Chemist: 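So that we are looking at the same thing, I have put the structure below in structure tokens.
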Amino acid sequence: MTRVVVITGASDGIGAEMARQLAAKEGAGLALVLAARGAAQLETVAGQCQALGAQTLAVPADVGRQEDCRALVEQAVARFGRIDVLVNNAGRSAHALFEQVEDLGWYEDLMRVNLWGSVWCTQAALPHLKAARGSIVAVSSLAGLVGVPGRTAYSASKFAMTGFFEALRLELKGACVSVTTAYPGVVATQIRYRGYNAKGEAAGVSGLKEEDAMPVEECARLIIDGMEGRRREVVMTTKGKLGRLLKLLAPGLVEKMALAAVKDEQRPH
Ligand SMILES: NC(=O)c1ccc[n+]([C@@H]2O[C@H](COP(=O)([O-])OP(=O)(O)OC[C@H]3O[C@@H](n4cnc5c(N)ncnc54)[C@H](OP(=O)(O)O)[C@@H]3O)[C@@H](O)[C@H]2O)c1
């Protein structure tokens, strides 16, 4: 039977790499439904996955619109008849000190993509995931476990994902649908350059230290391992794991670690 995996944010970065790695592993037994806004880049990734043997369906969609999320699921089921895995990966970044933001409109837009896009896709796919006893993956962030300065909007959206999927995991235990939440640290993709700045424009620069960024291949592999193992969580990097443990015991130390992740010029003074 063909296994059907829907990935949002599949035209670049972590989502595209997950698609390629899954295609390389499963070949013809896999159908990938790939969603993002940019149709051309999506087709490129679909072509790469086809070359590795997988069946593909590219669906241009903006997950910040509920109707697009519903249409994505409808098209996946119309084409392949089932959904085994939903990977809620589409997301945007943001970096700005809260007091420098005049218009909070983009805070709402960010929440609509990072949180609501995941909620809308999950709601639409849930009957199919239950029928398949399948899996949901939520790509949160270490910034969804620990507040990071300059990231009030992003951390809020990722903490919200963390809470939503933690609660949903328990609701879906009886239905045998696994929920894996992934918490990447800094991964070498373009996300921070594309993220919002204080004015709500594409930042063009990263506010984080990029030197030790995790390769995107490693991040995708860790998420796939967690998903296949139906694990609750995938917390990335030693610092991330330590920060999570220490948060209750030594919060001052964790604050120092979070400040150290941000470039000097981007820190609050
Ligand atoms: N890279 C990191 O360091 C890092 C760390 C922690 C967590 N994460 C999380 O990992 C996920 C993937 O990030 P990434 O680094 O791979 O980012 P990326 O390279 O910028 O890729 C983001 C993907 O999401 C899509 N996307 C953005 N807005 C969308 C929308 N409104 N509707 C549908 N698709 C949309 C983009 O395509 P289009 O622009 O064409 O729509 C692209 O395919 C995000 O949720 C991010 O928050 C990343």
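Bear in mind that the values here come from a model prediction, so they are computed numbers and not experimental data. As the structure lists them, so they are numbered: ligands from 1, and atoms in each ligand from 1.
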Chemist: Using a 4.5 Å cut-off on heavy atoms from C-beta on, say whether the side chain of L72 contacts that of V6.
Modeler: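 Yes, their side chains come closer than 4.5 Å.
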Chemist: Indicate if M214 and V186 have the same hydrophobic cluster label, given that clusters are the connected sets of ILVMFWY residues with side-chain heavy-atom separations under 4.5 angstrom.
Modeler: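 No, M214 and V186 fall in different hydrophobic clusters.
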Chemist: Between N89 and I14, is any pair of side-chain heavy atoms under 4.5 Å apart?
Modeler: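 N89 reaches I14 side chain to side chain.
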Chemist: Pairing donors with acceptors under 3.5 angstrom, does anything connect the side chains of S93 and Y193?
Modeler: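 No pair is found: no donor N or O on one side chain lies under 3.5 Å from an acceptor on the other.
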Chemist: Could you tell me whether the side chains of T56 and Q50 share a donor-acceptor contact shorter than 3.5 Å?
Modeler: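 Yes, because at least one side-chain N or O of T56 sits under 3.5 Å from a partner of the opposite role on Q50.
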Chemist: Which pairs of N or O atoms, one from ligand 1 and one from the protein, are separated by less than 3.5 Å, and what is the distance for each pair?
Modeler:
residue	atom	partner	partner atom	Å
ligand 1	1 (N)	V187	O	3.4
ligand 1	1 (N)	T189	OG1	3.1
ligand 1	3 (O)	G185	O	3.3
ligand 1	3 (O)	V187	N	2.7
ligand 1	3 (O)	V187	O	3.3
ligand 1	3 (O)	R192	NH1	2.7
ligand 1	15 (O)	T189	OG1	2.5
ligand 1	16 (O)	I14	N	2.7
ligand 1	19 (O)	R194	NH1	3.3
ligand 1	20 (O)	R194	NH1	2.7
ligand 1	28 (N)	R37	NH2	3.4
ligand 1	31 (N)	D62	OD1	2.8
ligand 1	32 (N)	V63	N	2.9
ligand 1	37 (O)	S11	OG	3.0
ligand 1	39 (O)	R37	NH2	2.7
ligand 1	40 (O)	G38	N	2.8
ligand 1	41 (O)	R37	N	2.8
ligand 1	41 (O)	R37	NE	2.8
ligand 1	43 (O)	G9	O	3.3
ligand 1	43 (O)	S11	N	3.1
ligand 1	43 (O)	S11	OG	2.7
ligand 1	43 (O)	D12	N	3.3
ligand 1	45 (O)	N89	O	2.8
ligand 1	45 (O)	K158	NZ	3.0
ligand 1	47 (O)	Y154	OH	2.6
ligand 1	47 (O)	K158	NZ	3.0

Chemist: I'd like to know if the side chain of W120 reaches the main chain of E67, judged simply by a donor and an acceptor atom lying under 3.5 Å from each other, with no hydrogens or angles considered.
Modeler: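 A pair under 3.5 Å: no.
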